[in-house]
Protein chains: 4
Amino acid sequence: MSSAPRTARGRATRDRILDSALKVFGEVGYHDASIVRITEGAGVAMGTFYLYFEGKLQVFNELVEDLNRRMRHRMTQAIAAAPNRLEAERAGFRAFFAFTTEVPQLYRIIRQAEFVSPEAMHLHYGRIVDGYRKALAAASDAGEIAPVDPEVTAWALMGIGEIIGMRWILWQEGSDGAPPIPDDVFEHTLDFITRALRPDKE
Amino acid sequence: MSSAPRTARGRATRDRILDSALKVFGEVGYHDASIVRITEGAGVAMGTFYLYFEGKLQVFNELVEDLNRRMRHRMTQAIAAAPNRLEAERAGFRAFFAFTTEVPQLYRIIRQAEFVSPEAMHLHYGRIVDGYRKALAAASDAGEIAPVDPEVTAWALMGIGEIIGMRWILWQEGSDGAPPIPDDVFEHTLDFITRALRPDKE
Amino acid sequence: MSSAPRTARGRATRDRILDSALKVFGEVGYHDASIVRITEGAGVAMGTFYLYFEGKLQVFNELVEDLNRRMRHRMTQAIAAAPNRLEAERAGFRAFFAFTTEVPQLYRIIRQAEFVSPEAMHLHYGRIVDGYRKALAAASDAGEIAPVDPEVTAWALMGIGEIIGMRWILWQEGSDGAPPIPDDVFEHTLDFITRALRPDKE
Amino acid sequence: MSSAPRTARGRATRDRILDSALKVFGEVGYHDASIVRITEGAGVAMGTFYLYFEGKLQVFNELVEDLNRRMRHRMTQAIAAAPNRLEAERAGFRAFFAFTTEVPQLYRIIRQAEFVSPEAMHLHYGRIVDGYRKALAAASDAGEIAPVDPEVTAWALMGIGEIIGMRWILWQEGSDGAPPIPDDVFEHTLDFITRALRPDKE
DNA sequence: AATGAATGAGAGTTCATTCAT
DNA sequence: TATGAATGAACTCTCATTCAT
């Protein structure tokens, strides 16, 4: 039976396992990620894994949850000071790409979740869209952006971010980690988004 | 050793296996799809599978290849008569959504390919982008659309199609198949794309 | 998934596994009986086990069922010609001890069932008692034996058979199998039973 | 290394572990009884177990030993005042059933011992039979009972007690413990025994 | 062309036991 | 005296693939 760590040592061990799981899931995928490989990466014995996690699936779900939270946190922080929606988009995408340069596994983990843990996946997208939709609705009402449908637009923007990041961050990943998104790609992406969102000139 | 079917009967068997594989991969995913399940679905014995395919991975690759070809064919056909790029986008997206309503598994199969067969995945996206990029470059040069970066724009559009279709086709899938995309979602999506692409008023 | 054998070869393999399971369960007990050991004893690979059985527990249950059926069959046959209940007891016990000399594992398997598969155990005892009770009730009514309570008496007789057989057959087991029950033990046992059952002299 | 408790506190801890072990072994059986579960039941940490016991097997043996001693003590006490063997049987069975109503686990523990610790099991049955045999031999010589074979008779009586108690005490066990044996079952059982033992009328 | 019995490496998971604290 | 984190051997079970028929 897994249980929460009761000591500082236990907490550290648990974190090392979670870190290792992120790397292994990101590298070889859920199915080819074996518990041994995860624990070896964490420098502990196999049984130790089960002191802290109920099983392979639970650690995966926890990872998705964790990444989602951290990602949204980073984006929220980045957006805070933006004077309007278009600036907010720029800051938000900047933050998103920066985050996934640090944790390129995010793309892979989410896409895997389709079969591994659909609930986790729906939660992930759902949480992002929820916030996005409200912000877009407000901006649309305020005339900061064109009168778009907030729901569809939120999904479209999310789809753009995902595929661009996948193409220019994840797929460029080398042994020394993922590169930042090229400046021109970022600008072209924002051009696209800006055109799609900016209010029509009267 | 697998080999090409020499008789009509053989061809039919092979097709039934491929059909079954599409269903099973789409339903439970590559890893949980067992050869027995695929062959049972095709109404043949397990050994028969290996008469026509070299293994599980090969059948997956063939499936991706096949879906990609059929999808592009449908889109090309649909676009043929379009008078300009914006109309072509409308027709192309219409065709794409129609195709994936028939074969919603496409979304799942492609997203799985990330780990199952990265080459197949890159080929899939690559082929689509290649055509897209050229068309966008031409349209951009011709002033039919705004002066966008063809590569980034192609990816962005693909990302939109994928996520919108996933959300409103795949995820709405019931026991009687996937529904067509709702009209308003389709229109909102095309509003978004149109705004992003239409040339600036001078 | 396990399934019934479809060919003669399959049937033979299944039987060999069942035989081996009986030996191994009887020798080291359910928990220390590993599937590998069972399959090695049957001369097949581990995976073969799962072609014919759903798991370790299922094979155990099947074994209990099988032993119970065979045992009751042997006893029923032996009793058939008995002129009265006391003779039937003699013939029945004779047959029971003969059977368990051939299959001394019976004692061990049943006693294990307490934890391994209580349902199987209840079924085992239940089936025996059912028949016994009816026979005793009839004999009691007919005045062939004393006016005993059939239920309690059935259990008592069963308890006697089990413990005497365990003591003088199972525990005497050597490498060359279990010995028959010593004649005097058998006679003493039947003396005891006879006294307990015979009608009071008027 | 385990060692005898040196303080009153240690003694109490040890007893709590033993109590918990009895419950757990009785409930889920030796193999499914985990040390954690036993220690949790005793309200101590896992490591504490090994301060007082050498291992799982040792605690099991100690339990068998303990139960055997307590059971025989209760029966000896109960029999002490009996005027003859038949009365002694009545008192002894009464005490046995009373004891196992308090500790129904006894049945389960003994039957498990077959594989867990054959020595413990033989010792258990051996000790009971030893006393029984002598008493029966004496009673037989004295003409208090029929001229039975003491050894076989001792085992037969033990077998009766075990199976009747199992059927009407252990198997009736509810969440609030085991019920006493029903009066009529007790009387029928003693009828059976009495008939089997009473001296022939001359 | 088709079958399905057989294989065995490899997976996730459990748990008695040790030992540093 | 007591703790609980850590270990790793051993377990049951799965399934892609082979091959005799």
Side-chain angles (χ1 to χ4, degrees), chain A residues 1-3 5-14 31-39 43-57, chain B residues 1 3 5-7 9-10 12-14 31-39 44-57, chain C residues 1-3 5-14 31-39 43-57, chain D residues 1 3 5-7 9-10 12-14 31-39 44-57:
Chain A
M1 255 283 119
S2 89
S3 60
R6 254 175 273 252
T7 68
R9 184 189 176 201
R11 221 148 24 235
T13 302
R14 197 192 131 99
H31 282 98
D32 289 346
S34 69
I35 303 294
V36 219
R37 185 151 172 193
I38 292 172
T39 50
V44 298
M46 202 177 34
T48 305
F49 177 91
Y50 292 91
L51 289 179
Y52 300 108
F53 301 97
E54 254 154 46
K56 199 180 174 183
L57 184 58
Chain B
M1 253 286 119
S3 59
R6 252 178 276 271
T7 69
R9 183 186 174 202
T13 301
R14 197 190 130 100
H31 283 98
D32 290 346
S34 67
I35 302 293
V36 227
R37 186 154 172 191
I38 291 172
T39 51
V44 299
M46 206 171 38
T48 306
F49 178 90
Y50 291 90
L51 292 178
Y52 298 107
F53 301 96
E54 257 156 42
K56 199 179 173 183
L57 184 59
Chain C
M1 256 282 120
S2 90
S3 60
R6 254 175 274 254
T7 68
R9 185 188 176 201
R11 221 147 26 233
T13 302
R14 198 192 129 99
H31 282 98
D32 290 345
S34 69
I35 303 295
V36 217
R37 186 151 171 192
I38 291 173
T39 50
V44 297
M46 199 179 36
T48 306
F49 177 91
Y50 292 92
L51 290 179
Y52 300 108
F53 300 96
E54 254 154 46
K56 199 181 173 180
L57 184 59
Chain D
M1 256 286 117
S3 59
R6 251 178 278 271
T7 68
R9 184 187 172 201
T13 302
R14 198 191 129 100
H31 283 99
D32 290 346
S34 66
I35 302 293
V36 226
R37 187 154 170 191
I38 292 173
T39 51
V44 298
M46 207 170 37
T48 307
F49 177 91
Y50 291 90
L51 292 178
Y52 298 107
F53 301 96
E54 256 155 45
K56 200 180 173 182
L57 184 58

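Values below: all heavy atoms of this structure, side chains included; hydrogens, waters and symmetry mates excluded. A quick note: this is a predicted structure, and the numbers were derived from the prediction, not measured.
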Using atom [atom1] of [X] as one end and atom [atom2] of [N] as the other, report the distance to the nearest whole Å.
| X | N | atom1 | atom2 | result |
| --- | --- | --- | --- | --- |
| B/Phe53 | E/dA1 | CZ | P | 14 Å |
| A/Leu51 | F/dT7 | CG | P | 9 Å |
| C/Arg6 | E/dA6 | CZ | P | 12 Å |

Minimum heavy-atom distance between [X] and [Y], given as atom pair plus value:
| X | Y | result |
| --- | --- | --- |
| D/Lys56 | D/His31 | NZ-O, 3.6 Å |
| A/Tyr52 | A/Gly10 | OH-CA, 3.2 Å |
| D/Met46 | D/Val36 | SD-CG1, 4.1 Å |

For DNA chain E, list all stems, counting runs of three or more consecutive pairs where every pair is Watson-Crick or G-U wobble with both distances under 3.5 Å.
-> E:2-21 with F:2-21

Going 5' to 3' along nucleotides 15-21 of chain E, which nucleotides have protein heavy atoms under 4.0 Å from the base (write B), which only from the sugar-phosphate (write S), and which from neither (write -)?
-> BSBB---

Closest nucleotide among F/dT1, F/dT7, E/dA1 to the A/Ala45 side chain = F/dT7

How many angstroms lie between CD1 in B/Ile35 and CD1 in B/Ile38, if you round to the nearest 0.5 Å?
-> 5.0 Å

May I ask you to evaluate whether C/Thr13 reaches the phosphate of E/dA6, defined as a side-chain N or O under 4.0 Å from OP1 or OP2?
-> yes

